[in-house]
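Data block below; observations after.
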Amino acid sequence: MSGKRLLGALEGGGTKMVCAIGYDDGTILKRESIPTSTPEETLPKLARFFQKEGVAALGIGSFGPVDLREDSDTYGYITATPKLSWVDTPFLPVLRDALNVPVGFETDVNMAAIGEHILGAGRSMSSIVYLTVGTGVGAGIIIDDKPLHGLVHPEMGHLLLQPAPGETCPDGFCPYHKGCLEGLACGPSIEKRWGKPAGELPPDHPAWALEAEYLAQCCSNVVFALSPERIILGGGVMRQSHLFAIIRKRTLDLLGGYIRSDRILENIDNYIVPPGLGEDSGIAGGLILASRQLGR
Ligand code: ADP
Ligand code: ZN
């Protein structure tokens, strides 16, 4: 571990890049948000922020898709993103060359999962899933204490779901798939379906029964596929905290009594939970990712 060496964390989103400095115990000393315009404009600003602060290592979590294979020629690149000016952008190489310090690279959601795993709601557990329901839907997965990469990386936001009872829009709004989780349940999908921003729909609006159904289908699929010790649900849409109770109950229904763990069956309130670090999961994860580069 890095002791008290100053570290950098960069949460790279499609609309803004959050840069922060701090320590690997989660202390955040300073944070700055830089708009995501073009790589030519944005990358030098990011480099300048961290150069000025003099960090010993940096952890980046990026929107994707990204290349996470360390033996690849395009390791640390953003690859085929719908954000066209960022297609094939060498995100990690540019910052590593500018800063000349070790740089760790992850998906944005895996970085948040690392934060939750070490310092948040997943502390002392070895396998967790962190799902964010916001502008998109994505999941960071820690299995046996390691972030899961797989062949490319998992894209749990595009799980294909069954239409909820009463569904009038079963295709949803994903340009790639009919009936996927993100297309049915992310913030912009809710807004397209109901003609109003998700945050303006009252708690008794029918939107939330559908939303909870889809998130419960996701949670039960997560249990079947990955068997994590805890599922953490974050992101802007989960500010609707009344969703938790409905999701928990419906997840139990969908599991159908097949998975016999008391940690789920008797303790669902502690199995599907909000993030322990609130909005800081990603930045905390970035600081930890940075400190892990010093230990390599
Ligand atoms: P991002 O996914 O871009 O990192 P957020 O996690 O904040 O950002 O998610 C933004 C989305 O969350 C928007 O689509 C917005 O409609 C939705 N959202 C924000 N606040 C609320 C709220 N209180 N209730 C429901 N949805 C919300
Ligand atoms: Zn999709």
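We number each residue from 1, following the sequence as shown. For ligands, and for the atoms within them, numbers begin at 1 and follow the listed sequence.
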Item to check | Atoms in ligand 1 flagged as close to Gly235, the criterion being non-hydrogen separation under 4.0 Å | outcome: 6 (O)
Item to check | Polar contact flag, side-chain donor to acceptor under 3.5 angstrom, Asp145-His117 | outcome: yes
Checklist entry - For Ser126 and Glu229, does a side-chain donor sit closer than 3.5 Å to a side-chain acceptor? => result yes
Checklist outcome for this item: min-distance protein heavy atom vs atom 8 (O) of ligand 1 -> Thr135 OG1, 3.8 Å
Item to check | Nearest protein heavy atom with distance in Å, relative to atom 25 (C) of ligand 1 | outcome: Gln240 NE2, 3.4 Å
Checklist entry - If you draw a 6.0 Å radius around NZ in Lys83, do more than 12 non-hydrogen atoms from other residues or ligands fall strictly inside? => result yes
Next on the checklist: Is the contact between Ala198 and ligand 1 made by the side chain, the backbone, both, or neither, using heavy atoms and a 4.0 Å cut-off?
Outcome noted: both
Checklist outcome for this item: shortest atom 20 (N) of ligand 1-to-protein heavy-atom contact is with Arg239 NH1, 2.9 Å
Checklist entry - Is it true that Arg250 and Glu213 have a side-chain N and a carboxylate O under 4.0 angstrom from each other? => result yes
Checklist entry - Do the side-chain N and O atoms of Tyr214 and Glu167 include a donor-acceptor pair separated by under 3.5 angstrom? => result yes
Item to check | Contacts of His149 that satisfy ring pair (Phe, Tyr, Trp, His ring centres under 6.0 Å) - sequence neighbours left out | outcome: none
Next on the checklist: Quick one, Arg69 with Asp67, criterion salt bridge (Lys or Arg N to Asp or Glu O under 4.0 Å). Give me CA distance, side-chain angles, the key distance, then yes/no.
Outcome noted: CA-CA 6 Å; Arg69 294 167 302 157; Asp67 187 347; 3.3 Å; yes
Item to check | Exercise: do Thr42 and Thr36 side chains pair donor with acceptor under 3.5 Å | outcome: no
Next on the checklist: Would you say atom 4 (O) of ligand 1 makes contact with the protein, given that contact here means a non-hydrogen protein atom less than 4.0 Å away?
Outcome noted: no
Next on the checklist: Would the distance check show the side chain of Gln293 and the main-chain N or O of Gly59 forming a donor-acceptor pair, the cut-off being under 3.5 Å?
Outcome noted: no
Item to check | Nearest protein heavy atom with distance in Å, relative to atom 9 (O) of ligand 1 | outcome: Gly134 CA, 3.2 Å
Checklist entry - Applying a 4.0 Å heavy-atom criterion (strictly less than), which segment of Pro188 is in contact with ligand 1: side chain, backbone, both, or neither? => result both
Item to check | Of the listed options Gly199, Ser189, Pro197, closest to atom 22 (C) of ligand 1 (non-hydrogen atoms) | outcome: Gly199
Next on the checklist: Tell me whether Asp24 is salt-bridged to Lys4, with the criterion being a basic N under 4.0 Å from an acidic carboxylate O.
Outcome noted: no
Checklist entry - So does Arg239 pair up with Glu279, basic N to acidic O under 4.0 Å? => result yes
Next on the checklist: Can you report which non-hydrogen protein atom sits closest to atom 21 (C) of ligand 1, along with the distance?
Outcome noted: Gly236 O, 3.3 Å
Checklist entry - Closer than 2.8 Å to the Zn ion (ligand 2), which protein N, O or S atoms? => result His158 ND1, Cys174 SG, His177 ND1, Cys180 SG
Item to check | More than 12 heavy atoms from other groups under 6.0 Å of CG on Asp73 | outcome: no
Next on the checklist: Checking the N or O distance criterion of under 3.5 Å, is ligand 1 in contact with Thr132?
Outcome noted: no
Checklist entry - What is the nearest protein non-hydrogen atom to atom 14 (O) of ligand 1, stated with its residue, atom name and distance? => result Gly187 CA, 3.3 Å
